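The structure under discussion appears below in the form of structure tokens.
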Amino acid sequence: MSRPAGRLTRWWRRRSLRTRLTVIAATAIAVSVFVAFQIASELLAWELQDTAKDQLRADSRVLAANAEREGPAQVQLPPYPGFGRLVRVVLPDGSIRTPDGQPALPPVSEEARRVAQGASADLMESGDSDDDGYIVYTLRAGDGAVQVARVADDSPINQFGLGMLLIGLLCVVSGALVGRTVARTGLAPIDRLTAAAVRVAHTRDLDADIPDEGGGEIRRLIQSINDMLAALRDSRRAQQLLAEDAAHELKTPLTSLRLNIELLIRLDRRGTLDSGLPAESRTRLLNDLGAQVAELSTLAAELTDLARGDISDENTELLDFADVVVAAATLARSRAPDVEVALDVTSVWVSGRPAALQRAVLNLVDNAGKWSPADQPVQVRLRARGASAVLEVDDAGPGIDAADVPRVFDRFYRADSARALPGSGLGLSIVQRVVDAHGGRASVARSARGGALLRVDLPVAANSTVDVQ
């Protein structure tokens, strides 16, 4: 792109939409007027020329009749009156006769001489140069020819062009004004929408919906922005809730950790760490510190995982859900060796994100392990039922109270009976989020052993083979 064209493009891009619409409207009208002028000028010129030629033919026939009756050399040619048509008689030898006082016409052309000599009946000639601006009609008469000429007058066309120019300018100006008015009226909803968006950006008030006005594209745009504001409101509320819940959950372990550390520091400064804190108490205190640090680490990891809001950063792949369940159970055994996990799984293929699914299964097994008695294993079953892969994790614990069932998967929710157990109340919330992201469903019920039965249904991968139970 050349430099002037580049500058023009940059200038055009910096203009407002209203200015662009005005310029486009004015340009469209100007082009239309110009094209109409060109077409009308050509039609007018053809019409004037045809009229002039018809008049020349009529005049030449009258003069030719006189020349045939009296002879080209003797026919009377009245003096030129100072205006109107021009006449001339061409004799067979090429000489000419003209009225007295008449302006000189262009020299007789070779084709006109041939008409005078009888080689042709008539001839229409026109000259477009400044020195030869005549239309000349030659008609055979007797043994010679007569010529009638008229000046090729462009003044009607010029006057018509001037009138069209003035009309065109008026139309362009009117079009620009109309285009700007239409643009202002049509873009008024956009201006109000922009002002509302700027107000939201300055005030951070996401609760102020933009009034729904206009129609068609404007209405869809406003609805889309209102939907975006609603999503932002939900996101901000979720962030506030997450921050409040995180602060609340972090307060207890941090307070306990701080008090225990302050006790150790105070005893150490007094030099009574060994005497003031027996070995058994010191061991119990250190174990408590380790447990509190582990609880904080788990809580921080779960908060980080939950704050991501989605799991779209992991690629979806076709996988055997049984492999994911076995891997999660193996990890659960290593984290809690005292908890027995009994597996009863069959191969079921699903489309999902393996790390996220493993985290969800691990949270289910860990949750069941907290409640299952030492002599009762956590039972993990995986089956294909119709178009679903069904995972069931049950324990032989006390089960979940009916009042707690609706909130089992809420973030940070912990039943009163679980307050004394380690955990943050985020595990099942993460399970719910992972299952929802995979198009599945998580539910809770009472198991046949009297404990809790947590169930996850995931859609089976397309074109995979399933066993209907």
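Quick caveat, the model's predicted, so the values are computed rather than measured.
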(request) Determine, stepwise, if the pair Val365 / Val341 fulfils side-chain contact (heavy atoms from CB on, under 4.5 Å). (result) CA-CA 8 Å; Val365 177; Val341 180; 3.9 Å; yes

(request) Start with the C-alpha distance between Leu362 and Asp366, add both sets of side-chain angles, then the distance that settles side-chain contact (heavy atoms from CB on, under 4.5 Å), and finish with yes or no. (result) CA-CA 6 Å; Leu362 179 60; Asp366 282 346; 3.7 Å; yes

(message) Apply side-chain contact (heavy atoms from CB on, under 4.5 Å) to residues Trp349 and Val460 and explain how you reach the verdict.
(response) CA-CA 6 Å; Trp349 290 85; Val460 174; 5.5 Å; no

(message) The test is salt bridge (charged side-chain N to carboxylate O under 4.0 Å, His left out); show your working for Asp54 and Arg57 and say whether it passes.
(response) CA-CA 5 Å; Asp54 291 341; Arg57 290 188 182 97; 3.3 Å; yes

(message) Run Ser388 and Asp457 through side-chain hydrogen bond (donor to acceptor under 3.5 Å, both in side chains) and show every step you take.
(response) CA-CA 6 Å; Ser388 299; Asp457 293 72; 4.6 Å; no

(request) For side-chain hydrogen bond (donor to acceptor under 3.5 Å, both in side chains), just list the numbers for Ser351 and Glu317, CA-CA rounded to whole Å, side-chain angles, deciding distance to a tenth of an Å, and then say yes or no. (result) CA-CA 5 Å; Ser351 179; Glu317 58 184 74; over 6 Å; no

(request) Decide salt bridge (charged side-chain N to carboxylate O under 4.0 Å, His left out) for Glu262 and Arg266; before the verdict, give the C-alpha distance in whole Å, the side-chain angles of both, and the deciding distance to 0.1 Å. (result) CA-CA 6 Å; Glu262 288 177 351; Arg266 186 165 56 251; 5.2 Å; no

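Rounding to the nearest 0.5 Å gives a distance of 11.0 Å between CZ of Phe321 and OG1 of Thr346. Between atom CG of residue Leu382 and atom CG of residue Asp323 there is a gap of 10.0 Å, rounded to the nearest 0.5 Å. Atom OG of Ser447 and atom CD of Gln379 lie 8.0 Å apart (nearest 0.5 Å). Interatomic distance, Arg359 CZ to Arg353 CZ, rounded to the nearest 0.5 Å: 16.0 Å. Here CD of Glu111 is found 14.5 Å from CE of Met124. Values are rounded to the nearest 0.5 Å. Summarising the geometry, atom CZ belonging to Arg150 is positioned 9.0 Å from atom CZ belonging to Arg85; distances are rounded to the nearest 0.5 Å.
If you check the side chains of Asp227 and Gln223, you find no donor sitting under 3.5 Å from an acceptor.
Looking at Ile265 and Ile261, their side chains come closer than 4.5 Å, going by heavy atoms from C-beta outward. Side-chain atoms of Leu453 and Arg446, non-hydrogen and from C-beta on, never get closer than 4.5 Å to each other. At a threshold of 4.5 Å between non-hydrogen side-chain atoms, the residues Arg455 and Val390 count as touching. Contact annotation: the side chain of Asp344 never approaches that of Val380 to less than 4.5 Å [non-hydrogen atoms, C-beta and beyond]. No side-chain heavy atom of Leu454 sits under 4.5 Å from any side-chain heavy atom of Asp394. Considering only heavy atoms from C-beta on, Leu357 comes within 4.5 Å of Leu319 through its side chain. Annotation: side chain of Val456 is in contact with side chain of Leu364 (closest heavy-atom distance under 4.5 Å).
Residue Pro354 comes nearest to Val324 through the heavy atom pair O-CG1, 4.2 Å, listed as atom of the first residue, atom of the second, then distance. The two residues Ala396 and Ser372 come nearest to each other via the heavy atoms N-OG, 4.1 Å. In terms of heavy atoms, Val431 sits closest to Ala360 at CG2-O, 3.4 Å. Closest non-hydrogen pair, Gln358 versus Ala327, comes out as OE1-CB, 3.8 Å. Summarising the geometry of Gly440 relative to Leu458, their closest heavy-atom pair is CA-CD2, 4.0 Å, with the distance given to 0.1 Å. Annotation for Asp122 and Ser120: closest pair O-OG, 3.4 Å, computed over non-hydrogen atoms.
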